[in-house]
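Written below as structure tokens is the structure these notes are about.
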Amino acid sequence: MIQHPDEDTSSMLAVCVKEPGGPEKLCLGRIPRPEPKEGEVLIRVHATALNRADLLQRRGLYPAPPGESEILGLEAAGVIACIGPGVKRNFKPGDKVMALLSGGGYAQYVAVPEELLMPVPSHLTLDEAAAIPEAWLTAYQLLHLIARVKAGESVLIHAGASGVGTAAIQLARLSCAVPVVTAGSPEKINIAVKLGAAAGFSYKVGDFSEKILQFTEGRGVDVILDCIGGSCWEKNIHSLAMDGRWVLYGVMGGKSVEGDLLGKLLFKRGHILSSLLRSRSLQYKAELIRSFTEQALPHFQSGDQPMSLRPVIDSVFNMDDIAEAHKHMEANKNIGKIIIKIF
């Protein structure tokens, strides 16, 4: 258990990285509380959620964009503490909101441009809301802004039980596409199928690309959402339909590629696309959030409606157990999002 100093009103608790390295390098410290600038809102954070980018940043491999908070955390849910000058939208102190961040989520307060805020659906808890911004906006961006998925198309989603994976399954179904997944265990595949995946295949046992071709009767999939990269490029191209779109958004399986990638891709007339979200402009993120709020957020409704969406939460850790939360993600144990409660 990490001990933390007594609270005062001019500063705040945050998770700090003593030096690049493993989870043991994380500690609680006191830093200045941010003041909202022009067009910003200050949020009292109730919860944040882990992302793979946090692990990379902790190790010194994925620094915050210039001018952004160096505190970890790409999403947050909480209550508006105060409104900065020049805010145009109808927010007020006490409103429950969730936000996409470029950093700063592992802290008691975060200042956020108003364009990056979304209202919390009335029946969701703030823990549940914290599981939405980064994973669901990433999945929505990949499917709709990058791949431009159409009704009836098949979508192969790697890491189908991850935060982005569980979101992408549901969003693909909402768009009347056909999601299929890869995952590392029968339990994770079963969860993906319960969320709406038409089929799931292990990436550890056998050749998933052969199983994809069997499932699609030799045609292959129209879209691949790939966070793995180098280690499965050949199987990806084998799984891809003619004129298919391969969307790369992570390289968990390595950055290097050896072999006839270009020749095989050319033979399929395949499109290789890539995207990151954190480094995008405020204007891009604002448009993404506007579209998501209009098209997807209304489907986070209570009950078992046919087109309802729900965040999948794996576990909840307290802020002072942040090192254990990072170890849990690094062990690939999670199904869905890992939530961090902020004091």
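A salt bridge is defined here as a Lys NZ or Arg NE, NH1 or NH2 lying under 4.0 Å from an Asp or Glu carboxylate O, and Glu287 with Arg290 meets this definition. Ion pairing between a basic and an acidic side chain is recognised when a charged N comes within 4.0 Å of a carboxylate O; Lys327 and Glu330 show no such pairing. We find that Glu153 and Arg245 are joined by a salt bridge, their nearest charged nitrogen and carboxylate oxygen being less than 4.0 Å apart.
Closest approach of Pro119 to Leu297, counting heavy atoms only: O-CD2, 3.8 Å. When all heavy atoms are compared, the tightest approach of Ala47 to Ala130 is O-CB, 3.6 Å. Closest of all the heavy-atom pairs between Glu114 and Gly86 is OE2-O, 4.0 Å. In terms of heavy-atom proximity, Ser154 sits nearest to Asp222 at N-OD2, 2.9 Å. Looking at every heavy atom in both residues, Ala192 comes nearest to Val181 through CB-CG2, 3.7 Å. When all heavy atoms of Ile157 and Ile169 are compared, the pair lying nearest together is CD1-N, 3.7 Å.
Of the N and O atoms on the side chains of Arg278 and Gln57, at least one donor lies less than 3.5 Å from an acceptor on the other residue. Checking Lys285 against Ser102 by side-chain atom types alone, a donor-acceptor pair falls below 3.5 Å. Donor-acceptor pairing under 3.5 Å is recorded for the side chains of Ser11 and Arg30. A donor-acceptor pair shorter than 3.5 Å can be found between the side chains of His158 and Thr182. Side chains of Glu75 and Thr48: a donor-acceptor N/O pair is absent below 3.5 angstrom, by distance only. Side-chain contact of Asp207 with His238: a donor-acceptor pair under 3.5 Å is absent, judged by distance alone. No side-chain N or O of Glu35 forms a donor-acceptor pair with one of Tyr109 less than 3.5 Å apart. A side-chain N or O of Arg280 and one of Ser275 form a donor-acceptor pair less than 3.5 Å apart.
Using a 4.5 Å heavy-atom cutoff, the side chains of Lys341 and Phe317 are not in contact. Residues Ile212 and Leu156 have side chains in contact (heavy-atom distance under 4.5 Å, counting atoms from C-beta outward). Using a 4.5 Å cut-off on side-chain heavy atoms (C-beta onward), Leu282 and Pro113 make contact. Residues Val15 and Leu28 form a side-chain contact, since some pair of their non-hydrogen atoms from C-beta on lies under 4.5 Å apart. In this structure, Phe208 and Cys232 have side chains that are in contact, with non-hydrogen atoms separated by less than 4.5 Å. No side-chain heavy atom of Trp246 sits under 4.5 Å from any side-chain heavy atom of Leu225. Within the 4.5 Å cutoff, the side chain of Val149 has heavy atoms near those of the Val155 side chain. Side chains of Ile132 and Phe300 form a contact here, defined as non-hydrogen atoms less than 4.5 Å apart.
Distance alone, capped at 3.5 Å, places no donor-acceptor pair between the Lys96 side chain and the Gly78 backbone. Formation of a donor-acceptor pair under 3.5 Å by the Asn318 side chain with backbone atoms of Asp320 is not found in this model. Under a 3.5 Å cut-off, the side chain of Arg44 and the backbone N or O of Val79 do not form any donor-acceptor pair. The closest donor-acceptor contact from the side chain of Glu40 to the backbone of Lys37 lies under 3.5 Å. The backbone N or O of Gly21 lies less than 3.5 Å from a partner atom in the side chain of Arg58, making a donor-acceptor pair. The backbone N or O of Leu50 lies less than 3.5 Å from a partner atom in the side chain of Lys337, making a donor-acceptor pair. With hydrogens and angles disregarded, no donor-acceptor distance shorter than 3.5 Å links the side chain of Asn51 to the backbone of Ala53. Within the 3.5 Å criterion, the main-chain N or O of Gly229 finds a donor-acceptor partner in the side chain of Asp226. Using a distance-only test at 3.5 Å, with no hydrogens or angles considered, a donor-acceptor pair links the side chain of Gln170 to the main chain of Thr166. In this structure a side-chain-to-backbone donor-acceptor pair under 3.5 Å is present from Gln108 to Leu13.
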Could you walk me through whether Cys227 and Met252 pass the side chain to side chain contact (heavy atoms under 4.5 Å, CB included) test, one step at a time?
CA-CA 6 Å; Cys227 57; Met252 292 170 55; 4.2 Å; yes

Worked check of side chain to side chain contact (heavy atoms under 4.5 Å, CB included) between Asp127 and His46:
CA-CA 7 Å; Asp127 284 359; His46 174 89; 3.1 Å; yes

Step-by-step side chain to side chain contact (heavy atoms under 4.5 Å, CB included) determination, Val17 to Leu72
CA-CA 9 Å; Val17 182; Leu72 304 182; 4.2 Å; yes

Derivation of the side chain to side chain contact (heavy atoms under 4.5 Å, CB included) call for Asp314 and His328:
CA-CA 10 Å; Asp314 171 83; His328 186 65; 2.8 Å; yes

Tell me, with the steps shown, if Ser175 and His144 meet side chain to side chain donor-acceptor pair (under 3.5 Å).
CA-CA 9 Å; Ser175 300; His144 295 293; 3.3 Å; yes

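Rounded to the nearest 0.5 angstrom, Ile31 CD1 and Glu70 CD are separated by 10.0 Å. Rounding to the nearest 0.5 Å gives a distance of 8.0 Å between OG of Ser162 and CG of Asn334. Expressed to the nearest 0.5 Å, how far CE of Met242 lies from CZ of Arg219 amounts to 10.5 Å. How far CG of Leu142 is from CG of Leu273: 10.0 Å, rounded to the nearest 0.5 Å. Rounding to the nearest 0.5 Å gives a distance of 4.5 Å between CE of Met98 and CE of Met118.
Between Tyr140 and Phe292, the ring planes lie perpendicular to each other; the angle is over 60°, past the 30° to 60° tilted range. Ring geometry for Tyr106 against His326 counts as perpendicular: the plane angle is over 60°, on a 0 to 90° scale with 30° as the lower cut.
When the shell of 6.0 Å around CD of Glu24 is examined, it contains more than 12 heavy atoms from other residues, nucleotides or ligands. For Glu38, the CD atom counts as densely surrounded, since its 6.0 Å shell holds more than 12 non-hydrogen atoms of other residues, nucleotides or ligands. Applying the 6.0 Å contact sphere to CD of Gln283 captures no more than 12 heavy atoms from other residues, nucleotides or ligands. Counting heavy atoms of neighbouring residues, nucleotides and ligands inside a 6.0 Å radius, atom CZ of Phe267 does not exceed 12 of them.
In this structure, Tyr203 is not a member of the same hydrophobic cluster as Leu213, with clusters built from ILVMFWY side-chain heavy atoms closer than 4.5 Å. In the hydrophobic clustering of ILVMFWY residues, with side-chain heavy atoms under 4.5 Å counting as a link, Leu309 and Val178 come out apart. Connection of Val45 to Leu117 is established within a shared hydrophobic cluster, with ILVMFWY side chains joined at heavy-atom distances below 4.5 Å, either directly or through further cluster members. At a threshold of 4.5 Å between side-chain heavy atoms, the hydrophobic network of Ile, Leu, Val, Met, Phe, Trp and Tyr places Ile272 and Val251 in two separate groups. Residues Phe343 and Leu26 share a single hydrophobic cluster, defined by chaining ILVMFWY side chains whose heavy atoms lie under 4.5 Å apart.
Among Asp54, Leu101, Leu100, the single residue meeting the side chain to side chain contact (heavy atoms under 4.5 Å, CB included) criterion with Glu134 is Leu100.
Geometric assessment of Arg89 against the ring of Phe91 yields a negative cation-pi assignment under the 6.0 Å and 45° thresholds.
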